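Values in this document were obtained by computation on a predicted structure and should not be read as measured data. Every number for a ligand or one of its atoms is a count from 1 in the order of the listing.
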Amino acid sequence: MPENGRRPMMAANWKMNKTVTEAERYIAALLPRAADSGGVDVAVFTPFTCLSEAARMAEDSEVLVGAQNFYFEDSGAFTGEVSAPLLLDIGVGAVIVGHSERREVFGESDETVAKKAKRAVEAKLLPVVCVGETKEERDSGGMWDKISGQTKAVMDELGGDVSGDSVVFAYEPIWAIGTGDTASPEDAQEAIGQIRGLLRETRDDSFADSVRILYGGSVKPENIAEIVAKEDVDGGLVGGASLEVESFEKLIAAADGQKDG
Ligand code: PEP
């Protein structure tokens, strides 16, 4: 465990990839590796179609299986949506909330993202809440307005009773997602340090010191060690480089090595 007391997390976001058969192969290979990753929480966010089988295989293991999205209402006339109780029913333990692809491609607003984060926490489904700026926002000096606005919307909705270990944030600069263009370790630390500072201001030391904030955006086995070595970076949310289990295992091992105190 790192000196700051926050257990690192390495999270795979498969996005819209993998059949159930492919998922079975991947999870079977990952389980022994994750059992060995003493210092790191391992999470895999699969498409809806793989969740049931992945959660069944990972039951009582070190691998947390999560969904990539859900809706904040529990049931009813919401065609195409999946709710927290439906995910919990099949053993899902976490959910990505407000991924930039949901925000940009599917028009999710800060308000919707905040409601999803709150419902996930209430349902004891660990939300990984994504925030991050576009290239234009970074270049025009609007980066912090964007990130702080997204973060504050979630914190306002969560209210005062939520503890730092019931939510995870991920700083994911949109210009770095799937582009091969990674934020430098210094840039990742600066943004994540600022987010933690905002959480300290809007909540308190205990929340800010315990909440985990991951970095996401073209993380690879070659660059992960330097990024997670930074004090405020508590792990990674990884798309492309998580699709091959061998590559994801390297990322887990690197985080374990860097953050073992
Ligand atoms: C992501 O999907 O959250 C992500 C960071 O993707 P990639 O690692 O491919 O940039």
Side-chain angles (χ1 to χ4, degrees), residues 8-18 22-23 26 30 40-51 54 63-70 94-106 108 113 116-117 120 126-135 137-138 143 146-147 150-151 154 167-185 187-189 191-192 195 212-228 230 232-255 258:
M9 173 181 273
M10 196 51 66
N13 174 15
W14 290 355
K15 311 195 188 199
M16 198 169 68
N17 293 293
K18 294 200 188 294
E22 288 165 342
Y26 186 112
L30 181 62
V40 180
D41 282 348
V42 176
V44 181
F45 294 89
T46 85
F48 286 127
T49 47
C50 304
L51 281 173
V63 176
L64 180 63
V65 171
Q68 297 169 14
N69 182 34
F70 83 119
V95 65
I96 297 176
V97 171
H99 190 282
S100 62
E101 287 149 19
R102 299 293 323 165
R103 294 178 188 262
E104 304 270 308
V105 183
F106 299 99
E108 284 192 17
V113 170
K116 289 183 177 191
L126 182 70
V128 176
V129 179
C130 301
V131 299
E133 82 286 0
T134 63
K135 179 90 174 72
E137 287 158 348
R138 170 169 278 252
M143 170 181 164
K146 171 77 170 289
I147 300 172
Q150 291 177 327
T151 308
V154 169
V167 55
V168 173
F169 281 87
Y171 167 59
E172 296 212 310
I174 295 172
W175 49 270
I177 297 180
T179 59
D181 213 2
T182 318
S184 68
D187 284 345
Q189 165 59 34
I192 291 177
I195 295 168
R212 288 177 291 181
I213 311 179
L214 314 181
Y215 167 78
S218 296
V219 163
K220 306 183 245 317
E222 302 80 59
N223 60 24
I224 185 68
E226 277 185 296
I227 296 173
V228 296
K230 295 293 180 190
D232 281 297
V233 183
D234 301 316
L237 177 57
V238 189
S242 76
L243 288 177
E244 296 295 331
V245 71
E246 295 77 16
S247 162
F248 187 50
E249 287 175 3
K250 283 186 192 153
L251 295 169
I252 297 167
Q258 276 300 331

**Student:** Using 30° and 60° as the class limits, which term best fits the ring planes of Y26 and W14: parallel, tilted or perpendicular?
**Tutor:**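 If you compare the ring of Y26 with that of W14, the planes turn out perpendicular.
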
**Student:** Any donor-acceptor pair under 3.5 Å linking the side chain of K116 with the backbone of F70?
**Tutor:**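 Here the side-chain-to-backbone pair exists.
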
**Student:** How long is the gap from CD1 on I96 to CG on N13, to the nearest 0.5 Å?
**Tutor:**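 Reported to 0.5 Å precision, the distance equals 4.0 Å.
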
**Student:** Are D41 and R212 close enough for a salt bridge, meaning some N to O gap below 4.0 Å?
**Tutor:**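 Yes, this pair counts.
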
**Student:** Using a 4.0 angstrom limit on heavy atoms, which residues are close to ligand 1?
**Tutor:**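 Near ligand 1, by chain and number: N13, K15, H99, E172, A176, I177, G178, G216, G217, S218, L237, V238, G239, G240.
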
**Student:** For F248, is there any backbone N or O sitting under 3.5 Å from a side-chain donor or acceptor partner on S242?
**Tutor:**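 Not at all, since once roles are kept as given, no pair shorter than 3.5 Å links the two residues.
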
**Student:** Please enumerate all residues that pass salt bridge (Lys or Arg N to Asp or Glu O under 4.0 Å) together with D187, with sequence neighbours excluded.
**Tutor:**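 Salt bridge (Lys or Arg N to Asp or Glu O under 4.0 Å) list for D187, sorted by chain: R138.
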
